[in-house]
Every structure is written in C-alpha cells, then in structure tokens.
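Keep in mind the model is a prediction, meaning the values are calculated, not measured. In what follows, every chain begins at residue 1, and chains take the letters A, B, ... in the order their sequences are listed.
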2 protein chains.
Amino acid sequence: MKKYFDILKNCILFDGIERDNLENMLGCINGRIEEYSKGEAVMQEGIAVKDIGIVLSGAVQIERTDYYGNRSIITTAEPGEIFAESFACAETKELPFCITAAVKSEIMLIDCKRVIHTCSRSCEFHSSMIYNLMKIIATKNILLNQRTEITSKRTTRDKLMTYLLITAKKNDSDSFSIPYDRQTLADFLGVDRSGLSAEISKLRNEGIIESRKNRFRLL
Amino acid sequence: MKKYFDILKNCILFDGIERDNLENMLGCINGRIEEYSKGEAVMQEGIAVKDIGIVLSGAVQIERTDYYGNRSIITTAEPGEIFAESFACAETKELPFCITAAVKSEIMLIDCKRVIHTCSRSCEFHSSMIYNLMKIIATKNILLNQRTEITSKRTTRDKLMTYLLITAKKNDSDSFSIPYDRQTLADFLGVDRSGLSAEISKLRNEGIIESRKNRFRLL
DNA sequence: ATAAGTCTGTTGAAATTTCAACAAACGGAG
DNA sequence: CTCCGTTTGTTGAAATTTCAACAGACTTAT
C-alpha cells in the first residue's frame, strides 16, 4: 500500500492531506486496489456505479460506441487522476459507456458513500476530502457550461469569438496564449480545422483580433 | 422564517431532512434571507462567489452579455430551486455573469463552506445535505456531458440520432416520448428548427425511425 | 363552431461549413 | 544547413445549414 503514497499524494482528491494522515484516511474510506490487464473492463457499460476510481499505475480509457458502431475514446485517465466520480456521486443506475484498462493497470476503487458520509470518527481529513471532491466536480461543471455556451453558437466565428472572450476574461487581459494547437482548438469548438484557420485570418484582416500562432489579442 | 419551510421542504438540497430538523439545520448552516427588488443584482458579475442561493419567492435569472452586446437569459430559478452552487463550490474568483431578480424576490443565501464542512456538532442532517449537494452537481455534470457529446457532432442528423439513442437508453425502450417541442429540441441540439423538422421527416422516410409529434421509435 | 394563435413540416435560395488537396511555415535531427 | 515530418493557411467544390416565408394541423378561448 505504502508504495502508492507518492501517487495518491498528487491526487487532487487528497489535496491538503498530509502523507502521515493518508494512511488513516485510506482505512477510513476503505480503498481497495485491483489489478487489470490490458483491455479488461474496469467498469462495464450498464452497471450501477458505486465507486470512485483512482489510477495508480497504467491508464484507463472511457470509450463510447456511437450508432454507426464507431468506438471512440472520450477521455483517458493517467496515474493520480480520478474517474467515474460524477457517476458515483449521482448514483448512476446504468453507466452509459465502458471504462477499460488501456494497459496493465492498478486501480484504487473507493466506495463513494464512504467518502460523502463522514465516518463516525468524523476525522478532519475526511472533511477535506469531501471539499476536494465537491470542488473537482463543480469545476468540471463550470468548464462544461462554458463549452456548452461556445458550442451552442451557430457559426465558427461566433464559437471562436466566444471562446476568445472567455479566455481573455479568464486571463484578465486582452492578450493571451491558448493551450491548443489548431486541430485541438477546432475539436474543442466543434468545427472544421481549415474553416477555423480561415476564420482566424478573416478576423485578423478585419482588424478584430491580432494573432500569431497560439497567441491572441482582442482589439 | 417558519413561513418558508414549505418551500425549503421542496428544495432538493434538503431532501430526506424532516421538517422538524430543518430548523436546526438552518441554524447550523446560518442561512440568511435577503430581499431584492425587480432587476436588482443578487450576485454581480466579477464577484467571488461564496454563497449558494435558494429562491424563496419571486425568481432570479442568470444573464450573459455576448461580444455583440446582446444580453440573453441563460436560465432562471424559481421558488425552491437553487443557483450558483457550482460557482460557490468551485470557489470561483470572478462570477462570469450577472444574477438578477426577475421580479421582487426573497432569496436565502448560505455560505458554501458552512455546507461542505460539517459542523462541530456533526449533525446527521448535515451529512444528508452534503450528499444532496454532491448529487445535484454530479447529475448536472452528467447531463452537461451528454449535451456536449450531442453538440460536438457536426450534422443535424448525427446530433438528433445521438440524442434519440441516449434517450432510448435512458428509457430502456426503443419507443419513448421526449419532453421538448420542436423549437426547444432544436435549441437543445444547437440546430435550426426547420432543418430539424426536415431531418426528422427524412429519417422517417428512410425507415430509420417512426415518429408522431414528440413520440419516437427507433427501428 | 369559429376565430386567433401556436406549432410543425416544406421549400428554395443564400450563407456557411466541410472536405480534399496543396503550398508555405515551422521545428527538430542529423 | 538541409532534410523530413508536422502544423497551419488557402482555396474551390460539394454538402449542409440557416433563413424566410408559407400552409396545414392543432389548441384554446369565446
């Protein structure tokens, strides 16, 4: 168990909890470690989700199959990252996709109820963990809301401008860098890459923005 | 205070908490009641959000101004509904939009920290409230994820089919009703209403779905 | 039953996006 | 410095969406 402490220490779920207290914590929430071989299902589609997962080693991927039968990877979680937390907290009756081990992996599974309901001992660290979990989910929520605001716009220009405006506000400056290359930005905005490039050029020619590579300035 | 108990009783944040215990609860979390006149800001853009809001009477609306200067209402909250909970839990430093009273309203504001951190008395109801809050935010999260999955598709057909497939799975049946009229569905999917109608007809002609008004069946 | 209003499906034209292909710019590696 | 692989910008054609307008179906109030 001890050999995983360095990884768990970096897991945001345990933010603000000292290493020395981690051991007590883990007893308190009864985390169990499971091993999965490459391709094996960590959580199967259709199950009722009870556990929050933490990747200790390896990686898991969340996969979805669309109505054409195309399977695509929605996200992956690497060591120290948590997954399935929203489904566990929402007490999802049927997981709408499959979570599998991308490679041979060790996963810690924690019963969500043990996290949310403070133990009888009511340890102070438990409270920290609840706070962390709430913050994680709420932050994702805000990010998803922003993305929805962007993608609900109808044109590439509107999507891009909405994104740039949100980013400028976040950076508290008209001039900022973005952490995406063109293709990734296009995927995020839900538009075609070449169309996005064209739109950036157009906005630049119209004197609405300045841009060079992934650095932008709103005028 | 007592006159608001009926409203609070229906607030999902207090699910599973008996009326008799509600009063203790409210002391424990120190909910304060504020009154706002029509149009007055309940939470101003740019502030650091600390409180979760509950509408006791009237209604609040969450408004956003886009880069053209058009102001639009993102959502409204009516009596018994909560708002700003994600921003409070995520400890948002700058609220990205304004929350105003749509009409003369009474609002209960609760310091989020008081909710998340169980009180020294560690009352059992507090634990219920944390559980409820977590479930609310996690559920929204899942819904937003689904919406993102839908709107990230490029064509009206793909968006519609993804939505129908998710709904069918949720209803555990190929045949189901949807809670939207055409315009609302179009807004939700992020597409043009007339184009959506046309696409539904096309799918029907191709024998992929049956549909009558807001009832659908996947074939 | 009528009338007014709303919702839905249809259509064609205009606008926009996607797609494919290519060239220019860029960034290492040798 | 040159070569090679990758990223980005550009372009024109094809596909799709949006827009506006209208007609028919349906609802509700009187």
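- Between B:K202 and A:K202, the residue whose closest nucleotide on DNA chain C is further toward the 5' end is B:K202.
- Distances shown here put a side-chain N or O of B:T156 below 4.0 Å from the OP1 or OP2 atom of D:dT17.
- For the pair B:S201 and C:dT10, the criterion of a side-chain N or O lying under 4.0 Å from OP1 or OP2 is met.
- Distance, B:K159 NZ to D:dT18 C1': 12 Å, rounded to whole Å.
- The nearest whole Å value for the distance from the CG atom in A:N214 to the C1' atom in C:dG27 is 14 Å.
- Computed from coordinates, the A:R215 CZ to D:dT7 P distance equals 22 Å when rounded to whole Å.
- If you check every strand for non-hydrogen atoms under 4.0 Å, B:D181 touches sugar and phosphate atoms only.
- Residue-to-nucleotide contacts include a donor-acceptor pair under 3.5 Å from the side chain of A:R193 to the base of D:dG9.
- Put simply, CG on A:L196 is 15 Å from C1' on C:dC19, counting in whole angstrom units.
- Residue A:K213 places at least one side-chain N or O under 4.0 Å from the OP1 or OP2 atom of C:dG27.
- Within the 6.0 Å centre-distance limit, the rings of B:F97 and B:F87 are counted as a close aromatic pair.
- If you measure from atom CD of A:Q183 to atom P of C:dC19, you get 11 Å, rounded to the nearest angstrom.
- Mapping A:R204 and B:R154 onto DNA chain D by nearest heavy atom places A:R204 at the nucleotide closer to the 5' end.
- One atom, CG of B:D192, and another, P of C:dA15, lie 15 Å apart when rounded to the nearest Å.
- In the set D:dT17, C:dG9, C:dT11, C:dT11 carries the atom at the smallest distance from any side-chain atom of B:A198.
- Between the P atom of D:dT10 and the CD atom of A:E199 lies a distance of 12 Å, rounded to the nearest Å.
- Side-chain atoms of B:D181 and B:T184 form a donor-acceptor pair, as typed in the model, at a separation below 3.5 Å.
- Looking at A:D174, its side chain never comes within 3.5 Å of a backbone N or O of A:L219 through a donor-acceptor pair.
- Ring geometry for B:Y163 against B:F188 counts as perpendicular: the plane angle is over 60°, on a 0 to 90° scale with 30° as the lower cut.
- Positionally, the nearest nucleotide of DNA chain D for A:I200 lies more toward the 5' end than for the other of B:G195 and A:I200.
- Comparing C:dT16, D:dG9, C:dT8 by their nearest atom to the side chain of B:S197 picks out C:dT8.
- Between A:E210 and A:R204, no side-chain nitrogen of the basic residue sits less than 4.0 Å from a carboxylate oxygen of the acidic one, so the salt-bridge criterion is not met.
- Rounded to a whole Å, the CZ atom of B:R157 is 17 Å from the C1' atom of C:dT18.
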